[in-house]
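Have a look at the structure below, then the notes.
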Amino acid sequence: MMTIWSCIFQRNYEKYGPEFHYHDVSEKSRKEIGVMEKKLKIIVDNCPQDHKCPAVNVCPVGALSQKDFEAPEIDDDKCIRCGKCSNFCPKKALVL
């Protein structure tokens, strides 16, 4: 499920392109509208690491990458915390 905050950032990313990042908005602004800080985590034990991760292609901003069949890596600077990858992962290895 996408939060309103995630939708705002997705819309701004689509409007302004890759130069717009979640971190461009001040901490004060995030607190003023009551946004809880979330962080995407990878639970490596849940990841089978025997195939190309399909969630990498679901990320709208390219925040996930993968080397060979290893667990995906997260670029926190790109991640907009939309939850698309965590909702898509059937093994629940990606958690927001």
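Since we're looking at a predicted model, the values are computed, not measured.
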Given side-chain contact (heavy atoms from CB on, under 4.5 Å), test N87 with L96 step by step and report yes or no. CA-CA 9 Å; N87 290 336; L96 189 61; over 6 Å; no

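For C47, the side chain to side chain contact (heavy atoms under 4.5 Å, CB included) test picks out Q49, A71, P72, A93, with sequence neighbours left out. Every residue was checked against the side chain to side chain contact (heavy atoms under 4.5 Å, CB included) condition with K41, not counting sequence neighbours, and none meets it. A search for side chain to side chain contact (heavy atoms under 4.5 Å, CB included) contacts involving N57 returns nothing, not counting sequence neighbours. V95 meets the side chain to side chain contact (heavy atoms under 4.5 Å, CB included) test with I43; sequence neighbours excluded.
At least one side-chain heavy atom of C85 sits under 4.5 Å from a side-chain heavy atom of L40. Using a 4.5 Å heavy-atom cutoff, the side chains of K84 and C59 are not in contact.
Here the side chain of D75 pairs a donor or acceptor atom with the backbone of D77 at under 3.5 angstrom.
When all heavy atoms of A55 and L64 are compared, the pair lying nearest together is O-CD1, 3.6 Å. The heavy-atom pair separating Q66 from H51 by the smallest distance is NE2-O, 3.3 Å.
Atom CZ in R81 sits 9.5 Å away from atom CD1 in I74 (nearest 0.5 Å).
The hydrophobic cluster containing V58, built from Ile/Leu/Val/Met/Phe/Trp/Tyr side-chain heavy atoms closer than 4.5 Å, also comprises F88.
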